[in-house]
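The figures here come from the full heavy-atom set of this structure, side chains too, leaving out hydrogens, waters and symmetry mates.
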Amino acid sequence: MASGRFSQSKMSEETFDFVCTACEKENKTLEAVRYCVECVGYCCQVCTDLHKRFPTLKNHNLLGVGHGNQANKQPPRLPEFPTERCSTHVGKVLDMYCEKDDVVGCSTCISKDHRLCPDSQIHSIPDMIDALFNLSNSNKVQSQLKELLVSMTIFGKSKDVQLSALNEAKVIILQKITKFQKALEAAVKKAAEMSKNELMNAYKKMEQEILEDKSDCQRTNDALQTTSDKLNKVEANTAQRFVLTKLAERKIKETEKKMTEEKKKIKSAEELSFTPNQALMDFINGLHGIGMVGVTLQKRLDQYKIGGSKDINIEVHDDSIICGTAGCCITYDNQLLVTDYWNMKLKRIDLQTLNVIDCCKLDSIPFGVCCINKHEGVVTCRYPMCMIQFVSLDKKMVPTRKIKMSHNCYGITTKDDKLYVIDSKSSLYIYDMTGRLLKTVSHDNTGNQLFSSIRHITFNKRGDRLYISDFNKGIVCLDGDENYLSTYNDRDLNGIDGVCVDGKGNLFVVGGRSHNVVQFSEDGKKIGVVINQQDGLKFPRSVSIDKKLNRLFVTMENSNAVKMYELK
């Protein structure tokens, strides 16, 4: 910090308490009339006027120079004023302090964000600096910063290790892709060779038949020529001429008959042809790659703990009754969709602001919901019309096409362009995206009834396990081909409803009447109760997990709130 000092002018005998810092550097001794906080120096009248003229200097804080101790010629302590500028209100200095919230800010920040704080706890930093500043606390913070810098350095090095591992994984996957590409090319080449061999075999067979016909034609032609030559040479032997004539007539009839048959053969003769496998070409053209590249989450085997919770208000202005949320799901762009059956709406929640940002009215009472892709979702509706309602998820949610169903519709999920719908009672229905029924599942391979009162449905990340919640029986697990594997249940669960997976090998199951969420491994081993009634759950209905931020969302039967739990 520059310091003012007493000086005597070289031009006169006049003595100043403080001289201009800038002018002194040019060997000029002019009296200072102001102190500039940002320049950290004293200013004469000329330099003070310059501060008023230039935009970059206009916002500088110019203070009075004060009075020094002239008796011993020691200048007073320089004014203490912060120089850090506000990142929100550019040009303003962070010169205010809110004691209640323990934050500093500029005057605009304090007046806007801390207007409800008591005036007695709002302080001007320059005015109260001696009372506010605590050296030991500053030293403590500096020590904490040093420790944190060390930790961040170590953390940064761990990221280098991650980057190295990521690069190795990329190289390995590229090698796999190249290897698979060559295998595909070899398979296509082999298939092409098989088609070529098939062509050559058909060609040789047809060529042989044609050559045989050609030889037979030549023999017939030679015989006709011989008969014609003999008739031409017969002169006086009438008997010989008669015999030759009759033989010629018979040969003519035989030849004409044979020619008629050959003409028929020519009309119906086979031709070589080749029809490309267009379905194969369409399939290849429709591929987005020769395999699936994904991010695999590391497995987690221990029980999740609750780090905190929050109520998300899902009531909107035109709701006519308290919300009843039956189903929920996380979208591809990390938003939360919730079905409100009492108000017959699908609601969309921004998971950053935790506010409802959009909703759309439906024709029937909704239950289950899931996403097909980033732009489209599907909702099951059960009264007054049983149907699957498609919904556009672009800027504004809009119901689009619908498929009427002959059965009740509860939980829904998708895989490989197929819809998996359960009927609340005893059956799983599998449809294509046009609504054509592909398969119905209701019994195991021994003929036993699988379900009694089914609610929700979901696949694991690999798509080789299908979990269906049965209110009475538990979680019924099927394999990727819908064959029965096992049933999960536990005495801590009562009234099983919602179900979701975390992508790390765990399954979350809602106990609607036990007011809890229980964690299982994907193979049915109970890990523990993650959330219970003491955590604010009351008649939970469905559950969904934000895999990126480790947050669990639970809907409740008659409530305007969705519970959000931070997991750790």
Side-chain angles (χ1 to χ4, degrees), residues 161-207 270-299 330-333 370-378 390 393 413-420 428 430-439 441 457-467 477-483 485 501-505 522-523 547-548:
V161 173
Q162 279 186 285
L163 282 173
S164 177
L166 179 64
N167 187 62
E168 288 178 13
K170 178 197 71 174
V171 171
I172 291 170
I173 292 173
L174 282 173
Q175 290 172 347
K176 288 182 178 179
I177 292 172
T178 302
K179 183 178 179 181
F180 189 58
Q181 177 188 355
K182 289 180 179 178
L184 283 175
E185 291 170 353
V188 171
K189 185 176 181 180
K190 182 179 178 181
E193 290 299 325
M194 291 173 67
S195 293
K196 289 176 182 178
N197 290 336
E198 189 177 354
L199 167 66
M200 293 309 297
N201 290 335
Y203 170 79
K204 288 178 180 178
K205 181 181 177 182
M206 294 179 69
E207 181 189 41
E270 295 178 341
E271 293 181 352
L272 280 178
S273 65
F274 174 70
T275 304
N277 189 337
Q278 191 60 43
L280 178 61
M281 182 61 73
D282 293 341
F283 176 75
I284 293 173
N285 288 334
L287 292 176
H288 297 291
I290 60 173
M292 182 173 289
V293 177
V295 178
T296 304
L297 297 172
Q298 292 181 348
K299 282 204 168 186
I330 303 290
T331 66
Y332 283 79
D333 52 1
C370 72
C371 294
I372 298 173
N373 50 49
K374 184 178 180 180
H375 304 288
E376 189 173 34
V378 280
F390 290 76
L393 299 178
T413 192
T414 66
K415 188 184 83 164
D416 299 335
D417 289 330
K418 289 183 284 189
L419 300 170
Y420 293 73
L428 161 66
I430 304 172
Y431 297 93
D432 65 15
M433 288 296 171
T434 67
R436 180 169 61 94
L437 181 63
L438 304 175
K439 188 177 182 180
V441 179
I457 180 172
T458 190
F459 275 100
N460 67 352
K461 185 173 179 63
R462 297 184 304 276
D464 60 358
R465 284 179 184 259
L466 180 62
Y467 303 101
C477 179
L478 311 180
D479 67 14
D481 296 318
E482 301 86 42
N483 299 307
L485 294 176
V501 296
D502 68 349
K504 301 177 183 178
E522 285 191 359
D523 58 2
K547 298 169 186 175
K548 292 182 179 178

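- Atom CG in L437 sits 9.0 Å away from atom CG in D432 (nearest 0.5 Å).
- We find the SG-CG distance between C477 and N483 to be 11.0 Å, quoted to the nearest 0.5 Å.
- To the nearest 0.5 angstrom, L393 atom CG is 8.5 Å from I372 atom CD1.
- When only modelled atom types and interatomic distance are considered, D464 and N460 share a side-chain donor-acceptor pair under 3.5 Å.
- The side-chain heavy atoms of V188 and E185, taken from C-beta on, include no pair separated by under 4.5 Å.
- If you take CG on L419 and SG on C370, they are separated by 7.0 Å, rounding to the nearest 0.5 Å.
- Taking 4.0 Å as the cut-off between side-chain N and carboxylate O, E482 and K439 count as a salt-bridged pair.
- Of the possible donor and acceptor atoms, one in the side chain of N285 sits under 3.5 Å from a partner among the backbone N and O of M281.
- Of the charged side-chain nitrogens involved, at least one lies within less than 4.0 Å of a carboxylate oxygen, so that R462 and E522 count as a salt-bridged pair.
- For Y467, the ring pair (Phe, Tyr, Trp, His ring centres under 6.0 Å) test picks out no residue, with sequence neighbours left out.
- Salt bridge annotation for E193-K190: absent, with no cationic side-chain nitrogen under 4.0 angstrom from a carboxylate oxygen.
- The two residues A202 and L272 come nearest to each other via the heavy atoms CB-CD2, 3.8 Å.
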With a 3.5 Å cut-off and sequence neighbours excluded, list the donor-acceptor pairs that the side chains of residues 173-180 form with protein atoms.
{"unit_1": "T178", "atom_1": "OG1", "unit_2": "L174", "atom_2": "O", "d": "2.9"}

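- Not a single ring pair (Phe, Tyr, Trp, His ring centres under 6.0 Å) links F390 to another residue, sequence neighbours left out.
- Of the possible donor and acceptor atoms, one in the side chain of K415 sits under 3.5 Å from a partner among the backbone N and O of G463.
- Interatomic distance, NZ of K547 versus CG of D502, reported as 7.5 Å (0.5 Å rounding).
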* L428 and Y420: CA distance, side-chain angles, deciding distance, side chain to side chain contact (heavy atoms under 4.5 Å, CB included) verdict -> CA-CA 7 Å; L428 161 66; Y420 293 73; 4.1 Å; yes
